[in-house]
Amino acid sequence: MVCHQLENKVEPIVGPSLVEISHIYKDNLKGYLKWCIEPGKKRKDVIQMPSMAHVGEKDLEAIYHWIMATTKGKKYTPPKETNFDPYMLTGDATKRPRIQRIFLPDTSPASIAVTIDGNHSLCWDTVSCRLRYIWIGGFIDGFPYWKSNGSSVAKLTGKVYYRSLPKLNSGFVSQNDEEPKFNGYNIIDSLPVFSYSIGSIEVTEAIQNKAGAITLHIKVTNAKSELKYQLGDLSETNLIHSNGRLENGVLILTAKEAASFKLTFQPKKIIK
Ligand code: HEM
């Protein structure tokens, strides 16, 4: 009674239900006895059944007839295989912004996935303090992560069309090799505003939805001189920058221009 319930509503508590047992061993007393005396290892993710040899063949046979009688008329339906992210939203709920901490591919473990509308999404890395990549066509499928108990990464649903450079620490090129320091995030209009500092400069990066495009509204305080913001691979990206001049993938901004500027990202071609 501890290990075998009459019916398993969701998945086995320990072993298969009596209804499943009678489904497998109906008209096969011999096979049942063989299993009970010398159980094998059949199912994944369950313990091995201990041998019931001590019960004795006579009583095991009585148990067999009792199982068959008790489960008479009950139909066995195999549990549905779960192969989707149980936290994935469906329907209209997918169209709103979401922020999710989860292990993601090609970034530090302390990264955050954000979607502005369930279709256009980005990964922001809180270690290197920068936008890591942007994709379009969906958000994430966390199933590989949940299934592996955290030892695997979530899958991106859609296609990445922008990636920052892998080695650079921050979007802002630090003059004195200072490491960026993440200071947390606020949520405004359901989307995050990330805060970090590099040396004496303070930066906020607000993620915004501009008619389905991803905009980064960046504000820098305490900048004393010109700042360089290193952009990533733009070969598949249409980038609109509100301030500064773009030279070889680097946005050059005066301290005044850096105080408040916007970067808007769109894929170059419609990606399906
Ligand atoms: C007289 C008592 C028991 C009887 C008659 C019995 C019978 C069975 C049968 C017929 C199966 C199915 C084998 C198959 O799928 O071909 C099974 C599986 C299993 N039983 Fe029992 N069982 C008994 C006691 C227990 C106890 C006490 C436990 C827990 C400690 C247990 C745990 C399991 C588990 C985990 C499985 C699945 C094993 C696998 O698929 O690898 N059983 N049992």
Side-chain angles (χ1 to χ4, degrees), residues 1-94 98-115 118 121 123 135 137-160:
M1 293 315 290
V2 172
C3 299
H4 296 283
Q5 312 279 308
L6 176 64
E7 282 171 287
N8 290 326
K9 292 275 185 271
V10 190
E11 46 188 37
I13 309 297
V14 181
S17 68
L18 300 183
V19 173
E20 183 178 350
I21 289 177
S22 90
H23 169 78
I24 300 171
Y25 290 101
K26 192 172 179 293
D27 303 324
N28 184 7
L29 171 66
K30 242 176 106 189
Y32 156 91
L33 287 173
K34 189 172 178 289
W35 171 277
C36 291
I37 290 160
E38 210 180 320
K41 184 81 198 79
K42 223 171 154 181
R43 294 162 184 79
K44 279 193 297 164
D45 308 325
V46 297
I47 58 159
Q48 173 136 23
M49 174 173 145
S51 163
M52 292 293 133
H54 61 282
V55 175
E57 250 184 63
K58 203 168 142 264
D59 283 348
L60 283 172
E61 193 176 329
I63 294 171
Y64 175 85
H65 294 301
W66 175 79
I67 294 175
M68 295 303 148
T70 316
T71 56
K72 204 169 175 162
K74 289 201 180 290
K75 207 176 154 273
Y76 170 67
T77 32
K80 281 204 180 79
E81 171 90 5
T82 318
N83 57 2
F84 61 92
D85 183 350
Y87 299 102
M88 202 183 259
L89 297 181
T90 52
D92 279 355
T94 55
R98 287 187 79 197
I99 303 168
Q100 193 162 342
R101 266 287 288 114
I102 193 161
F103 291 169
L104 294 158
D106 307 321
T107 186
S108 89
S111 294
I112 299 177
V114 181
T115 185
S121 311
C123 160
W135 69 101
F139 188 37
I140 50 171
D141 175 3
F143 190 66
Y145 169 81
W146 304 121
K147 191 165 188 218
S148 68
N149 239 337
S151 65
S152 187
V153 296
K155 237 169 72 185
L156 312 180
T157 315
K159 189 170 182 313
V160 174

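Quick caveat: nothing in here was measured; it's all calculated off a predicted structure. In each ligand, atom 1 is the first atom listed, and ligand 1 is the first ligand listed.
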Which atom of [X] lies closest to which atom of [Y], heavy atoms considered:
{"X": "Ala154", "Y": "Pro105", "answer": "O-CD, 3.3 Å"}
{"X": "Ser111", "Y": "Cys123", "answer": "CB-SG, 3.9 Å"}
{"X": "Leu33", "Y": "Glu61", "answer": "CD2-N, 4.2 Å"}
{"X": "Arg43", "Y": "Lys41", "answer": "O-NZ, 2.7 Å"}
{"X": "Tyr64", "Y": "Asn28", "answer": "OH-N, 3.4 Å"}
{"X": "Thr157", "Y": "Asp141", "answer": "OG1-N, 3.6 Å"}

Specify the protein heavy atom at minimum distance from [atom]: its residue, its atom name, and the distance to 0.1 Å.
{"atom": "atom 29 (C) of ligand 1", "value": "Cys3 SG, 2.3 Å"}
{"atom": "atom 33 (C) of ligand 1", "value": "Met49 CB, 3.3 Å"}
{"atom": "atom 14 (C) of ligand 1", "value": "Lys42 NZ, 3.1 Å"}
{"atom": "atom 10 (C) of ligand 1", "value": "Ile21 CG2, 3.5 Å"}
{"atom": "atom 40 (O) of ligand 1", "value": "Arg43 NH1, 2.7 Å"}

Atoms in ligand 1 with a heavy atom of [X] nearer than 4.0 Å:
{"X": "Ile47", "result": "35 (C)"}
{"X": "Ile63", "result": "1 (C)"}
{"X": "Ile24", "result": "15 (O)"}
{"X": "Lys41", "result": "41 (O)"}

Heavy-atom distance to atom 4 (C) of ligand 1: which of Pro16, Gly40, Pro39, Cys36 wins? Cys36
Which of the listed options, Tyr64, Trp66, Trp35, holds the heavy atom that is closest to atom 38 (C) of ligand 1? Trp35
According to the interplanar angle, ranging from 0 to 90°, do the rings of Phe103 and Tyr145 count as parallel (below 30°), tilted (30 to 60°) or perpendicular (above 60°)? perpendicular
Roughly how far, to the nearest 0.5 Å, is the CG atom of Leu6 from the NE2 atom of His4? 12.5 Å
d(Arg98 CZ, Ile140 CD1) to nearest 0.5 Å is 7.0 Å
Output yes when the distance from some N or O of ligand 1 to some N or O of Tyr32 is under 3.5 Å, and no in every other case. no
CD of Gln48: more than 12 outside heavy atoms within 6.0 angstrom? yes
For ligand 1, does [X] get within less than 4.0 Å through its side chain, its backbone, both, or neither, judged by non-hydrogen atoms?
{"X": "His4", "answer": "side chain"}
{"X": "Pro50", "answer": "side chain"}
{"X": "Met52", "answer": "side chain"}

